[in-house]
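Worksheet: one structure, shown below.
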Amino acid sequence: MTAAAEALFDLSGRVFLVSGAASGVARALVATLVARGARLVLTDSDPAKVERIAAIYEDALSFQTDITDADAVECAVQRTRDQYGRIDGGINAAGLLPISPSETMDPATFRRCVDVNLTGAFLFSRALSPVLKEEGGGRLLHISSVSSMVSNPNYAAYAGSKGGLAQIVRVLAREWAPYRITVNAIGPALTRTSLTEDYLSDPEFHARAVNDIPMGRLGEPEDIVGAALLLLGPGGAFITGQTIYVDGGRTLV
Ligand SMILES: NC(=O)c1ccc[n+]([C@@H]2O[C@H](COP(=O)([O-])OP(=O)(O)OC[C@H]3O[C@@H](n4cnc5c(N)ncnc54)[C@H](O)[C@@H]3O)[C@@H](O)[C@H]2O)c1
């Protein structure tokens, strides 16, 4: 790659707060960002997972934060700033996926899914925006899903939360465009992670999932890295309000 092309994806020294940092989908992205010299603050609600990523990324600051706790998220932003003296953006990969017929879905399960996937995304963005304004701009990137567009039976909570996320991304993008803050999402197709492995152990579910993806395979964590580097790097400076589907054609079906 020429130096000019490489500069489009240059993230060295950039500081990003990550929520849901132990996410399987975001695994390859976190590894790539670290390898490219970005400085990450890794947070997740699961203390055991935080311990695991802290052991892998010894140079990163890692601590437990629940994205649905507004005060805790603000505290995470402050700790990021205290650690590095600046923040260039946030990456949110926190998520829950309850799949259940709507008639029998426990209302508490529905609410918790919306709380994490939608309200959490809002709280995370909102906590970072004042700092990014002061910095003269920044990047917010959410891991959404093809479910912000497609309608799978039994996905009311998940699809509702991700559909809402697509709209929040558009609204926040407009609100903060004057401050050079971009707000975007990536919508991956079904990927084998701790979120999906139980469902995918059902051969019928697995076969249907693959069959629904025109490119004939599930997503891999590596698939989202290219789009994320674009959205987080200098090359993405004029892209905002978008959900970019990285889905082997799933949203075409
Ligand atoms: N796996 C898929 O098929 C798939 C497809 C499309 C989109 N996604 C999305 O990708 C994102 C990551 O999912 P994944 O598949 O990697 O699952 P995952 O279970 O591996 O990761 C999700 C992470 O979010 C964390 N988390 C859950 N609740 C949280 C909270 N309240 N606060 C902070 N962290 C919290 C979990 O501890 C976990 O580490 C999710 O938003 C998911 O909706 C996943």
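Counting starts at 1 for both ligands and their atoms, in listed order. Please read all numbers here as calculations on a predicted model, not as lab measurements.
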Mind checking whether [X] has a heavy atom under 4.0 Å from ligand 1?
X: K162; result: yes
X: T65; result: yes
X: A93; result: yes
X: L97; result: no
X: G187; result: no

Near [X], which atoms of ligand 1 are under 4.0 Å from a heavy atom of that residue?
X: L190; answer: 3 (O)
X: D46; answer: 37 (O)
X: D66; answer: 30 (C), 31 (N), 32 (N)
X: R112; answer: 31 (N)
X: A94; answer: 24 (O), 33 (C), 34 (N), 35 (C), 41 (O)
X: T196; answer: 1 (N), 2 (C), 3 (O)

Are there more than 12 heavy atoms of other residues, nucleotides or ligands under 6.0 Å from atom [atom1] of [X]?
X: R36; atom1: CZ; answer: yes
X: F63; atom1: CZ; answer: yes
X: D59; atom1: CG; answer: no

How far is [atom] from its nearest protein heavy atom, and which residue and atom name does that atom have?
atom: atom 36 (C) of ligand 1; result: D44 OD1, 3.4 Å
atom: atom 6 (C) of ligand 1; result: P188 O, 3.3 Å
atom: atom 3 (O) of ligand 1; result: T191 N, 2.7 Å
atom: atom 19 (O) of ligand 1; result: S194 OG, 2.9 Å
atom: atom 35 (C) of ligand 1; result: S45 OG, 3.1 Å
atom: atom 10 (O) of ligand 1; result: I143 CG2, 3.2 Å

Side chain, backbone, both or neither: which part of [X] has a heavy atom under 4.0 Å from ligand 1?
X: I67; result: both
X: L195; result: both
X: V25; result: both
X: S147; result: neither
X: S144; result: backbone

Quick one: closest heavy-atom pair of [X] and [Y], and the distance?
X: Y155; Y: S147; result: CD2-OG, 3.5 Å
X: A157; Y: M105; result: CB-SD, 3.7 Å
X: A72; Y: D66; result: CB-O, 4.4 Å
X: G187; Y: T243; result: N-CG2, 4.1 Å
X: N117; Y: Y158; result: ND2-CD1, 3.5 Å
X: I224; Y: V25; result: CD1-O, 3.7 Å

Do R81 and Q78 pair up side chain to side chain, a donor and an acceptor below 3.5 Å, judged on atom types alone?
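The criterion, which ignores hydrogens and geometry beyond distance, is not satisfied for Q78 and R81.
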Would you check if there is a donor-acceptor pair between the side chains of S148 and Y245 at a distance under 3.5 Å?
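Yes, a side-chain donor-acceptor pair sits under 3.5 Å.
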Look at [X] together with [Y] and state whether they make a salt bridge at an N to O cut-off of under 4.0 Å.
X: R139; Y: D88; value: no
X: D115; Y: R112; value: yes
X: R52; Y: D44; value: no

Which option out of [options] puts a heavy atom nearest to [atom]?
atom: atom 38 (C) of ligand 1; options: K49, E197, R250, R27; value: K49
atom: atom 16 (O) of ligand 1; options: P47, S23, G20; value: S23
atom: atom 42 (C) of ligand 1; options: Y158, Y199, F124, Y245; value: Y158

Linking I/L/V/M/F/W/Y whenever any side-chain heavy atoms sit under 4.5 Å apart, do V34 and L230 land together?
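As far as the 4.5 Å side-chain criterion goes, L230 and V34 are connected within one cluster.
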